[in-house]
Amino acid sequence: MLTGMDAASLKQRLRRLTKLGFIRRHIPGLASPIFAEKLRSVYWLNLNHLQLSPADDVVSVVVHKKVADQDIDYKFLAGVKLDRNSFLKGGEYLAPRSVVRLFRRAPDHAFDQLELFICDCVLGLLSRHWVQTDSAGWRKVRCVDSTVTEQVAAFFRLPMLDPKDKASLDHEEIFDFLHQQVLELAREVVQRFSQVSSIDLARVSYILVPAHVSTGHRCIALLTERASGQGLAKHWMVTKGYDDPVVKSVLREVDIPLELREKSGLLTPARAAG
């Protein structure tokens, strides 16, 4: 291996780095008949860690926290996971039957990988249709575009089969549901962050942080690069509420409450890192 360590030692070191906050997130890879190819492990580095960047942070963080709203959790993959678990127990569920059957044996981190993929689709969709200086184009968006439909189709293996009995599933129903997941998350991002006038997202590159599926989307975070010609990142805007957000500027990412960073996907809880 490139690190010079055996697999067991490497895993132990990576867990340690995650626990210490040098690695924000680790989404394990997996090989599954659901997906078109093996999904690799993903590591998000925390370049703002005080020991890596002791004087100033190098990446801006914008976090939006909504007040408690059960519907938020159920609109996205957190709801799909709950539906899948209810389906397995013979309970009620809202997601299409083909969806819960497809993921009936999927491990929990398969949902985190899917969240990462959906975030990537959302970023592309927003870059093509949402420009803050002229939001008229986004208001006309009623469905995902052809690029997203191609991304979703290429991400999954066909034919789609129920892993229990190998019965064929309705892949169009599954694709339509995932298209809606992408569109709903894109709308959520626009609704929340267009309220934050303190930062011009049209002038910076930003990354949508994939939420921990187990915690839902009450908190959403963006990592943004500084605009050309500007100095190092100085402020983070933490917004709360529905229509009239309260925007708070802080000097360092560590000044954002730990619980908020964990729930928005910016940091893996220490108890989960080990």
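Note that the structure is predicted; figures quoted are calculated from it, not measured.
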Exercise. Using side-chain contact (heavy atoms from CB on, under 4.5 Å) as the criterion, point out the one residue from L223, L123, V59 that pairs with Y206.
Key: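 Running side-chain contact (heavy atoms from CB on, under 4.5 Å) over L223, L123, V59 with Y206 returns exactly one hit, L123.
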
Are [Y] and [X] connected into the same hydrophobic cluster when the rule is that any two of I, L, V, M, F, W, Y join if their side-chain heavy atoms are below 4.5 Å apart?
X    : Y    : value
V80  : V100 : no
V254 : L260 : no
L158 : F35  : yes
I220 : L267 : no
L161 : L169 : no

Check: [Y] main-chain N/O paired with [X] side-chain donor or acceptor under 3.5 Å:
X    : Y    : result
T149 : S146 : yes
R142 : R139 : yes
R261 : I256 : yes
T18  : L14  : yes
N48  : V58  : yes
R84  : A106 : yes
D83  : A95  : yes

Quiz item: Do the rings of F111 and F103 sit parallel, tilted or perpendicular, given the 30° and 60° boundaries?
Solution: tilted

Quiz item: Under 30°, 30 to 60°, or over 60°: which ring-plane class applies to F117 and F155, parallel, tilted or perpendicular?
Solution: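 Ring orientation, 0 to 90° scale: parallel.
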
Could you tell me whether the side chain of [Y] reaches within less than 4.5 Å of the side chain of [X], counting heavy atoms only?
X    : Y    : answer
L39  : L116 : no
L114 : L178 : yes
N85  : Y93  : no
W130 : V141 : no
H179 : V152 : yes
D145 : L125 : yes
D108 : V213 : no
K263 : H217 : no

Mind checking the [atom1]-[atom2] spacing from [X] to [Y]? Nearest 0.5 Å is all I need.
X    : Y    : atom1 : atom2 : answer
L77  : D112 : CG    : CG    : 9.0 Å
Y43  : I27  : OH    : CD1   : 11.0 Å
M160 : I34  : CE    : CD1   : 8.5 Å
L185 : L126 : CG    : CG    : 8.0 Å
H64  : L222 : NE2   : CG    : 10.5 Å
R15  : I23  : CZ    : CD1   : 11.5 Å

Which pair of heavy atoms, one from [X] and one from [Y], lies closest together, and at what distance?
X    : Y    : answer
E173 : S98  : OE1-OG, 2.8 Å
K65  : C219 : CG-SG, 3.8 Å
P210 : E115 : CB-CG, 3.9 Å
P96  : F177 : CD-CD1, 3.4 Å
W138 : A186 : CH2-CB, 3.6 Å
S41  : G29  : OG-N, 3.0 Å

Quiz item: Mind checking what makes side-chain contact (heavy atoms from CB on, under 4.5 Å) contact with H49, not counting sequence neighbours?
Solution: F22, N46, Q51, L52

Quiz prompt | S214: partners by side-chain contact (heavy atoms from CB on, under 4.5 Å), with sequence neighbours left out | solution = K81, H212

Exercise. Tell me, please, which residues at least two apart from S32 pass side-chain hydrogen bond (donor to acceptor under 3.5 Å, both in side chains).
Key: none

Can [X] and [Y] be counted as an ion pair, charged N to O under 4.0 angstrom?
X    : Y    : answer
D170 : R101 : no
R24  : E253 : yes
E188 : K75  : yes

In this structure, are over 12 heavy atoms from other groups packed under 6.0 Å from [X] atom [atom1]?
X    : atom1 : result
R40  : CZ    : no
Q180 : CD    : yes
E92  : CD    : no

Practice problem: Begin with the C-alpha distance, continue with both residues' side-chain angles, and end with the deciding distance and a verdict on side-chain contact (heavy atoms from CB on, under 4.5 Å) for R187 and V190. | Solution: CA-CA 5 Å; R187 287 172 173 167; V190 172; 5.8 Å; no

